[in-house]
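Each chain gets a letter, A, B and so on, in the order its sequence line appears, and its residues count up from 1.
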Amino acid sequence: HFAAAQTVDTDWPNMPWDQVLAEAKGQTVKFWHWGGDANWNKYFDNILGDAVKDSGVTIESVLIDDTAAAVNKVLAEMEAGQKTDGSVDMIWINGENFVTLQQAKLLFGPYTDKLPSFANMDPNSSALQFDFGHPIEGYESPQGSSQFTMSYNSALVAEPPTTVDGLLTWICENPGQFTYPALPTYTGREFVMEIMYRVTGGYEQWQGQWTDEKKALWDQKSPMLWDALNKIKPCLWREGATYPSDKAPMDDLFANGELAWTFSAGSGESAASVLSGLFPDTTVTMIFDDGTHASNHYVAIPVNSPHKAGALVVANAIMSCAVQLAKNQPSSVGDLPSIDIDRCPDEVKAGFAAINYGVGGISPAQLAAVPILPMGGPELAKAIEDGWRVNVLEK
Amino acid sequence: MTTAQFLTKPIASSRSGLTLMGLLRGAALVLLALWLVGPFIPMLVWSFAHRWTFPDLLPKQWSLEAWTYVADPAAQVLPAILDSLLIAVPVTLLSAAIAIPAGRALGLHRFRGKRIVEFLILAPNIIPGLTVALGIQIVFINYGLDNTIVGVILVHLVASMSYAVLVMAGVFSNYDPEAEEVARTLGANRFQTFLHVTFPAILPGLVVASLFAFLISWDQYVTTIIIAGGFVKTLSILVVAAAGGGERAITAALSIVFVGPAILFLIIASKYLTGENSSAGGLGRR
Amino acid sequence: MTEVMLTDLTKNFPSGARPSVDRLNLTFTSGKIHALLGPSGCGKTTTMKMIAGILQPSAGEITFDGASVLRVRAERRGAVMVFQNHLLFPYMSVGDNVGFALKMRNESRVVIRARVEEMLELVKLPGLADRRPKQLSGGQQQRVALARALIVKPNVLLLDEPLSNLDAHLREDMRELILGIQRQLGITTVFVTHDQEEAVVMADQIALMFDGVLHQNAAPDQFYDCPASERVARFFGNINVLPGTYAGGLFTSARGAFHAPRAAITEGPGSLTIRPEAIRLGRASAETRAANQMDGYVLSHIYKGTHARYKIAAGDLVLEVVTAPEATQLHGDGDTVRLTLPPEKLWVMPRPA
Amino acid sequence: MTEVMLTDLTKNFPSGARPSVDRLNLTFTSGKIHALLGPSGCGKTTTMKMIAGILQPSAGEITFDGASVLRVRAERRGAVMVFQNHLLFPYMSVGDNVGFALKMRNESRVVIRARVEEMLELVKLPGLADRRPKQLSGGQQQRVALARALIVKPNVLLLDEPLSNLDAHLREDMRELILGIQRQLGITTVFVTHDQEEAVVMADQIALMFDGVLHQNAAPDQFYDCPASERVARFFGNINVLPGTYAGGLFTSARGAFHAPRAAITEGPGSLTIRPEAIRLGRASAETRAANQMDGYVLSHIYKGTHARYKIAAGDLVLEVVTAPEATQLHGDGDTVRLTLPPEKLWVMPRPA
Amino acid sequence: MQFERLKIWLMLAPALLVLFAVFIGGLGFGIARSLNYMPIIGLTQPNFDAYIGLFSLTEFWRSLGMTLYIALTSTAISMVLAIGAALLLRRAFPSKRLMTFLFSFNLPIPHIVGAIGIMFLFAQSGFMARIAHGFGWIERPMDFLVLVNDPYAIGIILEYVWKEVPFIGIVVLAVLQSIGDDYEAVSQTLGAGPLQRFRFVILPLITPATLSVSVLVLAFTFGEFLIPYLLGQTYPATLPVLAVRLFTDPDLNKRPEAMAMSILIAVIAALMVLAYMWLSRRIVRSD
Ligand SMILES: Nc1ncnc2c1ncn2[C@@H]1O[C@H](COP(=O)(O)OP(=O)(O)OP(=O)(O)O)[C@@H](O)[C@H]1O
Ligand SMILES: Nc1ncnc2c1ncn2[C@@H]1O[C@H](COP(=O)(O)OP(=O)(O)OP(=O)(O)O)[C@@H](O)[C@H]1O
Ligand SMILES: [Mg+2]
Ligand SMILES: [Mg+2]
């Protein structure tokens, strides 16, 4: 596992944090991340950038539109024998891309236990154990967490449903005002998975390793999902003839009143959109009565990063209480903290308590009132994506 | 009156100003103008809009948020402008320098293998950037050209040059080299002949070719990010990233910034596009 | 001051069936004016372009003062050419066109402006320096092209029908301009004209080509007095050609025998020729014809004020005779006449079999 | 069969100081051949382009058979023009160029091909149909342009120096071709030439312009016998012009008084002119001069074979006299001579003050 | 002669050098990958599996049809409109400078921005729909015409046409202006009417340049990813959208297929370009 990383002659596992700090001084960390959101960009440059400035580390954002760009970059560099002097120091990553890089042994690690700010985390938090059901093993560190929430335009939706079944009924009673992004987009798949859990009779059966039995189960039960989706298809926006290519175009439709609903894998995003003037101020965010998915997003360090010390300092800063608080503000990115707030100093705790989640926002209390549904593994995700194309899209 | 009459040269049209044809022409021109700037109008409005939802014709609330963001160092706009220029300008100059002789060879001469050369030069425009960029990246890593401006310039050059060569080939196919012969007998050496005879004759075409070369480099996204993502950041990387995020106001503002320098180039070039020196070029020969 | 020598000069165009210029051997003597004559398409322009260096010969040699110039680039040869189709630089003003060669020599702007004004004056186009070529009439363009070439002092001046679009008066003025410059500087000048008269008046030497081949290169009067062939004679407007055989100074033909001391051949088949002005016209009489006389009848005649021109039929031949205008009082159409062909005016040319 | 009438036709180019064509009133009679003459830049091409319909007049009227054509598009006027600078379509073969007009009439391909071959034959370019214009010599291009225009039977044929690049022989052939077609079809033909002689030989009527203004429109011999002004006389090569005053059939000048029954004016200041051939040259004698005589001395003379040409100085005037060649035996340079100017050959023109 | 030929190749040398030094090498790697040769992820046995896999997909064939349709339609429309606009613009008229500037105004605007603009304008909630609402023609966005993300790719074609008309037009304009009026005048006196002047004089003169640029447009519209991604229907997507989807698939084993797809796009585009050039030359020349 560690073979690739050992090409670097530094003895990382045994390096004390002080030495990491010393080495990091003066390093510029090339942080490849999604650049589609101004708030996130500002967060990386200002909040996070300020947080590592004292350590003499500079963050240089590389704005990309798809994590695959970073993955391909690392891949190409390694392929060309660029094993120590790569151009990616840190990637915003999660799920399948993480699995891909990790399986190709292109990630540096395990490193998470080195980070002092991990003291802020509950060691048993699933955020540290599994990403998409895949064991993390210390190769990526959390940035924050997000929970799937629905948002509707209260000017268009008088009586919002509070369950998935209710939503499905509402869709066909109000044709043309709902849609979801085409798969394999992340958001689209999240939505389909929410439905899947309901129509196939619960999420529990999908947990765990993707065994042959699971596969058989999938073959048996997936038609229920396709039926449900095909049933709402004629009631969707454009009668299901086409789907938004991603979440952003769907949000656009929502912003313009073409859609009555949108949804997000991150609970704070709608509030931020209202604040930035994109969404109407009649936007309301809600969560299903029986809970929704939650997931975490991470950063990882490629094995050929020349600034691993600096990257470690950044990863550490991300998990600091102050940064997590600042990031949670709706005026920033409204991203949920991955840390255990109780482990933070009092003023941070007070800060969290004082956050006003604003118009279109949803408070941690509301979220906490419903259960968190675990994510399925990558194989399940892939099965949903492939099946959706054949059984829904191309039908 | 046929449409063609309306479009071709009204050589002996009437002297009075207002005619049916004049009106039709006028109407067509106005339509054309509207169609051309149409998509840009909502963009301009969006960059100053704070919430602009259906069915409002204009936003209810105006704001400078987007522009504030663009001015924020976090948006990386200034370094991106610099990098974009640092790449696009050399690419343009090199493309022009390559395209003049190559366009001449293709436009004026017949030779064995011409079709193949034409096709090879067309190839970078046929083959998707992604297909080659990854391979090029590996080649460049071996030469230490990855993550450098020079590397990006070289990659952009392939596409830009190929456009420029093809445009110049078209220009030269209408060029009469006999004027050069005259100049030579009048004692102009090759360089002087080029400078005083060839250059002014092909100038309008060359400006168009350079403009395209510039714009292609200016617009490149995939190849830039693959060859030097993280080291070289251009405006187009910013715009594509923003467009993916769906924040209309910021996308609109960034787009406007993005378009600015290119429009500047256009203004400089427009003297040649409007055909003020329309006598340039030989009489349409082939 | 440059002697231009062409040796076996040949040009084949890819698409042409025959060579456009075929093994041309010709010397343009230093400081003289030469005319290049021949029917349309005979290779005049092609020859000039090869001398100027803008067309590569297919074979043969060109020397300037004995040194080969084949590898000398056009701009170094010092041969300035005025093209048949003017070819002014369209995007330059008239003044810039005229001053072009000086600019190439990095003359100062002031000098150029002065010389340009001077040249435009000489070609009678003062004040047009700021126009565009497109805004000039055809003849004006031609004069600008001439001015552009004459502004420098070249070693060799090549003029391809430089005056074809000008009326008689301007033509004369321009001829004088060219001659003046040529004489003053002793430039070797070659010019093409479709106007024989112009060639005769202006040139020291005329080279006549047919189908890419040189047929005669001589002083102008030679073309009238001793043309190299029937074709040459006819090109110079002389239709008085009798076929026959020549031997011992006597030319024998179907029209009788003629004493002809001047001949290009010593014996064998030949053609006898004589200029129309040299034939003496008399009344036919019963007297037997003397030597060098023949009878015919008047086919037609024209009175031209200064002279009269008769067409006389003699057997299957038609001869042309030019006489003083008074002759018309003596001979009318249909009259039988006796022609006297003075021996010293006769010329015997080779006749291809 | 079309009568072309120009009324007050005027053309001002934006950049030109003077009008290029200035209130031109001219009728081109149906079915006749007209020459348009004048020095370079006088407005000949401009006039033709306006008739053809490719240049818009600034003022004035053009009618074909009485109907205004100002609003008729060029392609409907039926006026075909041969341009001074040929303007062959460079991207078409020679054959396609020649057949262009037929193609525009949707003639069948077979017909076109046959007619093209025929026309190329007529302009002596058989077999060149597949060449590109660039591969032709200057004269060949000119003939192709001619063939392209002659292939159709237009109402009006406008020829702008159509033969300027051809040698005498081809020129004559082409003239005959044009005349043949013109006569056969009765096309109203207007041609420009810089060659007066050509104009005189070919045209039924000549219009002479200076600086955009019409100066005389008459049959060719009129230009010699009764030129409209001194300028016209000089343009036609006649320098014999005496200033003086005219009254009651008598012309009084510094050189004496002359009986001159023929005059364009009745009295007032005028210029007396006479053709060089009409002056009789005699020995000066002590006898007093008779009427219509004057004395002078020979400045120079040339023997021309068919005639002799004298330059005679008389006071501050120089006159030209053409005589029979024999005169050279009587009068040498420097001799004093007596000139007789026969009254019936004299012509008095108006003289601008 | 020999020397002439050498000169021609010397003139081409810089262009070919850049091409071979940068482009061909990269292409080689691409082809290798499409043949399932990618040692970094353990693929070391070249084969044609990726291609075979693609050919057996119905989506591939439907996408191919869609892509061809979009490329051909937008190129044809752009070319026709561009020539029309250039003819319109070449005459002198009072606001010519301004118009020509406006005409070239969207040249520097990147396609993505154009796509956003088109979306702003023509989406069911776009500017047009709002105007329609203002007139009381529609009530809700869904009442408006489907012009974006529509089954006939109207949105995509609109964007391409919007952007490419000035692109082709400016070149045509430059050529038209260098030609001048003389040839048209000649043809006119020879009896050529407006249509014939266009067909037999203008068209042959502008063909070489128009062809070279519209071929570029054809290739571009065939290979472009972003515009159909933003403005197209989900299914069938165009080939480049398909390729990019494979390319960004987290499963690295999809990379050979992605490469094979790009190579196929290139090959098909090349064939199409060849056919296009051959056809248009024939049409213009044949007479
Ligand atoms: N486009 C133009 N702009 C300004 N002046 C022009 C233009 N075209 C012609 N002229 C001027 O108008 C006058 C008449 O020109 P035109 O071509 O009719 O002369 P022309 O009689 O045909 O002369 P030539 O025998 O030299 O061909 C000339 O003085 C010329 O300079
Ligand atoms: N590029 C070419 N390709 C093929 N043949 C050509 C080319 N240029 C000229 N020719 C041919 O070569 C011959 C000589 O041409 P050239 O131009 O020298 O004639 P020229 O004597 O100048 O005639 P003109 O008096 O008509 O101008 C002509 O028959 C012509 O058709
Ligand atoms: Mg010639
Ligand atoms: Mg003229």
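To the nearest 0.5 angstrom, C/Ser164 atom OG is 10.0 Å from D/Leu166 atom CG. Between the CD atom of C/Gln141 and the CG atom of D/Asn85 there is a distance of 7.0 Å, given to the nearest 0.5 Å.
Remark: of the listed residues D/His169, D/Arg143, D/Gln142, D/Arg143 is the sole one forming a side-chain hydrogen bond (donor to acceptor under 3.5 Å, both in side chains) with C/Ser40.
A 4.5 Å side-chain heavy-atom check between D/Ser137 and C/Thr45 finds every atom pair outside the cut-off.
Top candidate by heavy-atom pairs under 4.5 Å with chain C, chosen from D/Asn165, D/Asp160, D/Thr323, is D/Asn165. Among D/Gly237, D/Gly139, D/Gly43, the residue with the largest count of heavy-atom pairs under 4.5 Å with chain C is D/Gly139.
C/Arg175 CZ: more than 12 foreign heavy atoms inside a 6.0 Å radius. Surrounding NZ of D/Lys11 are more than 12 heavy atoms belonging to other residues, nucleotides or ligands, all under 6.0 Å away. Open room surrounds CZ on D/Arg280; 12 or fewer heavy atoms of other groups in view lie less than 6.0 Å from it.
For a residue to count as touching a neighbouring chain, one of its non-hydrogen atoms must lie under 4.5 Å from one of that chain's; by this rule C/Phe83 does not touch chain D. Only the side chain of C/Gln135 has a heavy atom closer than 4.5 Å to any heavy atom of chain D. Proximity to chain C is limited to the side chain of D/Arg171, based on heavy atoms less than 4.5 angstrom apart. Only the side chain of D/Gln84 comes within less than 4.5 Å of a heavy atom in chain C; its backbone stays farther off.
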